[in-house]
Amino acid sequence: MRFSDILIIGTAVMCLLSILVIVLVIFQQKQVIQHKLAIRDKDLQLQKERLMAILQGQEQERKRIAEDLHDEVGAQLSVLKLNLNQLQPLLKTGNGELEQLKETKDFTDTIIQHLRFISQSLHPQALENLGLSKALDSFCNLMNKNKQVKILFKDEGGLQHVDIEKALNIYRVVQELINNILKHAQATQIEITYRSTPNLLQINVTDNGNGLLLRSLENSRQKTGSLGLKNIESRLNVIGGSIRYLPGQNCGTNAEIRLENFQSAEE
């Protein structure tokens with residue numbers, strides 16, 4: 001065998017060995033990357049489970065407080081109102097006693113109304129009984145009684161039932177958005193639009209405010225202590241939803257919430 005043949009064969013063998021080494025290195029790097037991705041996914045899942053547990057604990061505590069307010073304080077206020085009604089025939093006219101009694105009854109009615117609002121905000125009973133759309137409609141009606149801002153609710157169709165855990169998180173997100181609007185937007189009207197198809201749930205919360213809410217939200221993103229925005233994003237991350245903030249048509253802000261796979265697993 002000539003030297004040139006040996007050189008060619010040796011070169012071919014070296015090339016094959018080099019290719020084999022490269023393939024092994026690439027394979028090993030791929031395995032390392034896959035392992036790191038698996039660890040990251042596991043950490044994200046653990047974080048998601050911890051966050052879900054925290055949110056569930058908060059909701060259980062809210063439910064307990066709401067039930068205590070309704071059953072204990074609400075019942076006592078109802079008894080107080082009944083006793084005030086029984087006092088009316090015993091009071092004299094012309095000396096201001098009836099007027100004082102009426103003021104006390106009106107004040108008691110106001111307290112009962114505020115108590116119902118707090119109880120409903122802590123734990124929306126309509127959510128479990130009637131579903132997300134009706135619960136949001138009920139919340140708007142309750143907010144309108146305070147006359148701080150006019151809130152309109154529009155259900156544009158879709159009879160799909162929303163999973164109760166996902167519905168509760170969406171409900172809290174809408175609550176937080178309205179709180180932000182009341183704090184920053186100087187709006188006189190808020191509109192909530194509810195749309196659902198078998199594959200997508202979309203809720204838009206728009207206001208006719210000064211448009212400064214967008215700037216406030218952007219500033220909040222840059223702050224580590226912004227609990228309101230953090231709560232919104234955390235709740236949506238847990239259920240696989242998303243939100244984006246857009247300028248409204250006539251100034252104001254449009255917050256668009258989107259959620260896929262929102263129905264119960266058995267449906």
Side-chain angles (χ1 to χ4, degrees), residues 40-67 69-70 116-143 151-181 190-206 227-246 254-267:
R40 189 197 65 177
D41 291 342
K42 187 175 181 179
D43 288 341
L44 289 175
Q45 183 62 29
L46 287 173
Q47 292 177 10
K48 185 176 179 179
E49 290 175 357
R50 291 194 194 102
L51 181 58
M52 179 65 80
I54 292 172
L55 293 176
Q56 288 176 344
Q58 290 177 347
E59 292 301 335
Q60 289 174 358
E61 184 64 13
R62 285 179 173 182
K63 182 178 180 181
R64 184 191 65 79
I65 295 173
E67 290 175 347
L69 286 174
H70 181 270
R116 288 174 180 170
F117 176 76
I118 294 172
S119 180
Q120 173 73 10
S121 298
L122 285 171
H123 181 67
Q125 196 67 38
L127 192 63
E128 297 178 0
N129 299 333
L130 302 175
L132 179 58
S133 176
K134 297 296 184 183
L136 289 174
D137 190 17
S138 176
F139 174 70
C140 293
N141 292 332
L142 202 61
M143 287 290 293
I151 304 180
L152 305 175
F153 179 78
K154 292 170 60 178
D155 188 337
E156 296 190 348
L159 302 176
Q160 291 78 17
H161 178 72
V162 184
D163 176 79
I164 184 62
E165 288 293 335
K166 295 178 180 180
L168 182 56
N169 280 287
I170 292 292
Y171 185 91
R172 296 301 185 201
V173 166
V174 173
Q175 276 186 318
E176 189 62 44
L177 286 172
I178 291 177
N179 287 336
N180 284 329
I181 291 171
I190 301 172
E191 184 174 295
I192 300 174
T193 307
Y194 181 100
R195 306 180 186 92
S196 68
T197 67
N199 300 317
L200 178 67
L201 172 66
Q202 179 175 321
I203 298 175
N204 289 75
V205 181
T206 60
L227 293 179
L229 187 62
K230 185 178 179 181
N231 285 339
I232 289 175
E233 295 179 342
S234 296
R235 287 185 177 277
L236 290 174
N237 286 336
V238 163
I239 61 176
S242 64
I243 186 169
R244 61 174 183 164
Y245 303 98
L246 307 168
N254 176 16
E256 182 181 274
I257 304 166
R258 295 169 65 90
L259 176 63
E260 299 178 358
N261 302 319
F262 61 88
Q263 300 186 58
S264 302
E266 62 270 12
E267 295 184 10

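Heads up: numbering here begins at 1 and tracks the sequence. What's counted below: heavy atoms across the whole structure, side chains too, no hydrogens, waters or symmetry copies.
Atom CD of E260 is surrounded by 12 or fewer heavy atoms from other residues, nucleotides or ligands within 6.0 Å.
Nearest heavy atom pair, residue R258 against residue L200, reads NH2-CD2, 3.4 Å. Closest non-hydrogen pair, L201 versus R195, comes out as CD1-O, 3.4 Å. When all heavy atoms of Y245 and I243 are compared, the pair lying nearest together is OH-CD1, 3.5 Å. In terms of heavy atoms, S133 sits closest to F153 at O-CZ, 3.4 Å. Of all the heavy atoms in I192 and C140, the pair that sits closest is CD1-SG, 3.6 Å. Scanning both residues, M143 and I151, for their nearest heavy atoms gives CB-CD1, 3.6 Å.
You'll find the side chain of I118 reaches within 4.5 Å of the side chain of L122, heavy atoms only.
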Practice task
Kindly determine whether L127 and L132 satisfy side-chain contact (heavy atoms from CB on, under 4.5 Å), including the steps that lead there.
Solution key: CA-CA 5 Å; L127 192 63; L132 179 58; 3.9 Å; yes

Practice task
Test side-chain contact (heavy atoms from CB on, under 4.5 Å) on I239 and I170 and set out the steps.
Solution key: CA-CA 9 Å; I239 61 176; I170 292 292; 3.9 Å; yes

Practice task
Give the C-alpha distance, both sets of side-chain angles, the deciding distance and a yes or no for side-chain contact (heavy atoms from CB on, under 4.5 Å) between L130 and D137.
Solution key: CA-CA 11 Å; L130 302 175; D137 190 17; over 6 Å; no

Exercise for the section: Apply side-chain contact (heavy atoms from CB on, under 4.5 Å) to N231 and R172, showing your working. Expected result: CA-CA 9 Å; N231 285 339; R172 296 301 185 201; over 6 Å; no

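Distance check, rounded to the nearest 0.5 Å: CD of E176 to CD of E233 gives 11.5 Å. Atom CD1 of residue I203 and atom OG1 of residue T193 lie 9.5 Å apart, to the nearest 0.5 angstrom.
The backbone N or O of N261 lies less than 3.5 Å from a partner atom in the side chain of K166, making a donor-acceptor pair. A distance-only check finds no donor-acceptor pair linking the side chain of Q202 to the backbone of E256 [under 3.5 Å].
The aromatic rings of Y171 and F139 sit perpendicular, their planes meeting at an angle over 60°, well past the 30° parallel limit.
For the side-chain contact (heavy atoms from CB on, under 4.5 Å) test with I257, the passing option among I232, N204, V173 is V173; the others fail. Partner I190 forms a side-chain contact (heavy atoms from CB on, under 4.5 Å) with one of V174, L177, I178 and no other, that one being I178.
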